[in-house]
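Everything numeric in this text was worked out from a predicted model, so none of it was measured. As the structure lists them, so they are numbered: ligands from 1, and atoms in each ligand from 1.
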Amino acid sequence: MKKKINSLREIEKETRVCTLCALKSTRTQVVPGEGLATAEIMFIGEGPGKNEDEQGRPFVGAAGKLLDQLIESISLKREDVYIANIVKCRPPNNRDPLPEEVATCWPWLEKQIFSIKPKLIIPLGRHSLARFLPNAQISSAHGKAMRTLFKPTANDLLSESPIKIVFFPCYHPAAALYNGSLREVLFKDFRKIPKVLELIEKEKQL
Ligand code: URA
């Protein structure tokens with residue numbers, strides 16, 4: 001157990017001083033991600049915004065407040081899960097991350113996933129979903145569980161065996177901030193999460 005915690009904290013520490021892409025020159029701080037090293041659930045957003053860039057923590061602005069409420073709506077706390085992003089540095093003016101920035105940052109997230117080995121990954125919004133399941137559309141994939149075999153691609157992970165992970169895409173909380181009906185959909189999808197976890201657990205016992 002201790003090794004797992006150390007290695008995740010080590011990855012976060014290394015991420016904080018990353019200089020692998022051009023975002024190093026425009027960021028204030030790297031936002032590695034935060035949460036429980038043994039989390040069953042990982043939430044993965046797109047990339048840090050202004051508040052996250054200033055604080056070095058994921059989802060701390062308005063969208064983050066809504067994410068906190070969503071997490072609490074299923075009787076969990078932020079500390080019970082792990083929250084990360086596809087890219088760990090804020091793209092200037094909140095533009096979409098460039099494909100080369102996403103590709104360069106990917107091994108950090110892969111290492112986090114292989115360290116935590118969550119049961120469930122919840123991609124938040126279409127950009128995050130596209131990185132994991134390139135053929136899925138958020139409008140039809142949200143609120144549905146998809147079983148996958150997650151294979152390592154980063155060089156230092158090639159000796160790791162693929163891991164079984166269920167994906168459960170949800171709309172991005174930022175998209176629901178000013179859209180009441182999307183907000184309702186988001187809360188409704190979250191209500192399914194405990195059942196999905198229960199089913200994963202049952203399946204493991206078969
Ligand atoms: N939006 C994201 O996708 N990630 C954050 O950390 C904050 C807002």
Side-chain angles (χ1 to χ4, degrees), residues 8-9 11-13 15-16 18 21 23-24 26-37 39 41-73 76-113 116 118 120-134 136-139 141-143 167-179 182-183 185-187 189-190 193:
L8 180 67
R9 300 308 172 216
I11 297 161
E12 291 168 350
K13 217 166 118 189
T15 312
R16 283 201 185 276
C18 178
C21 86
L23 295 178
K24 67 171 185 275
T26 48
R27 74 183 180 217
T28 309
Q29 291 190 59
V30 177
V31 182
E34 67 181 22
L36 190 65
I41 309 177
M42 264 182 104
F43 290 95
I44 302 181
E46 177 188 352
K50 188 171 184 296
N51 294 291
E52 291 77 20
D53 174 69
E54 284 166 6
Q55 295 185 40
R57 298 180 55 210
F59 282 95
V60 289
K65 296 235 155 50
L66 180 54
L67 179 60
D68 288 349
Q69 286 174 30
L70 286 157
I71 292 171
E72 281 158 24
S73 76
L76 290 174
K77 293 190 295 295
R78 205 180 154 97
E79 300 74 45
D80 299 325
V81 300
Y82 196 85
I83 305 174
N85 280 303
I86 295 288
V87 292
K88 313 230 176 268
C89 295
R90 182 193 183 206
N93 305 313
N94 291 348
R95 65 156 166 76
D96 288 347
L98 302 174
E100 58 267 31
E101 292 160 356
V102 171
T104 307
C105 211
W106 180 247
W108 291 126
L109 184 58
E110 244 188 22
K111 285 181 199 171
Q112 289 172 311
I113 293 171
I116 298 169
L120 194 59
I121 288 186
I122 306 200
L124 295 169
R126 64 193 171 94
H127 293 289
S128 176
L129 177 61
R131 187 58 191 82
F132 289 105
L133 306 166
Q137 298 289 322
I138 192 74
S139 53
H142 75 89
F167 281 83
F168 186 81
C170 285
Y171 281 109
H172 196 292
L177 279 178
Y178 307 103
N179 181 331
L182 218 53
R183 195 183 154 96
V185 173
L186 201 43
F187 274 94
D189 286 346
F190 262 66
I193 294 174

Open item on the list: Is the ring pair F167/F132 parallel, tilted or perpendicular, if the boundaries are 30 and 60 degrees?
Closed with: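 Ring orientation, 0 to 90° scale: tilted.
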
- [ ] Would you mind telling me if ligand 1 is within reach of the side chain of E46, the backbone, both or neither, using heavy atoms under 4.0 Å?
- [x] both

TODO: Among all protein heavy atoms, pick the one closest to atom 4 (N) of ligand 1 and tell me residue, atom and distance.
DONE: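 Here the nearest protein heavy atom works out to N85 OD1, 2.8 Å.
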
Open item on the list: Taking 4.0 angstrom as the limit and counting only heavy atoms of G45, give me the atoms of ligand 1 inside it, by number and element.
Closed with: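 Ligand 1 atoms under the 4.0 Å threshold to G45: 3 (O).
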
Task: Which of the ligand 1 atoms, numbered from 1, are nearer than 4.0 Å to a heavy atom of H172 - done: 1 (N), 2 (C), 3 (O)

- [ ] Going by the salt bridge (Lys or Arg N to Asp or Glu O under 4.0 Å) test, name the single residue among R95, R90, R131, K88 that passes it with E101.
- [x]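 Going through the options one by one, the only one that passes is R95.
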
- [ ] For the pair E52 and R27, evaluate salt bridge (Lys or Arg N to Asp or Glu O under 4.0 Å) and give the outcome as yes or no after the intermediate values.
- [x] CA-CA 10 Å; E52 291 77 20; R27 74 183 180 217; over 6 Å; no

Open item on the list: Can you confirm whether the side chains of W108 and Q112 place a donor and an acceptor under 3.5 Å from each other?
Closed with: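 There is no such pair (donor and acceptor under 3.5 Å, judged by atom type) between the side chains of W108 and Q112.
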
Task: Distance-only side-chain donor-acceptor flag, R183 / N179, under 3.5 Å - done: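 There is no such pair (donor and acceptor under 3.5 Å, judged by atom type) between the side chains of R183 and N179.
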
Task: Nearest neighbour of atom 5 (C) of ligand 1 from the list A62, G61, G47, on a heavy-atom basis - done: G47

Task: F59 N/O under 3.5 Å from ligand 1 N/O - done: yes

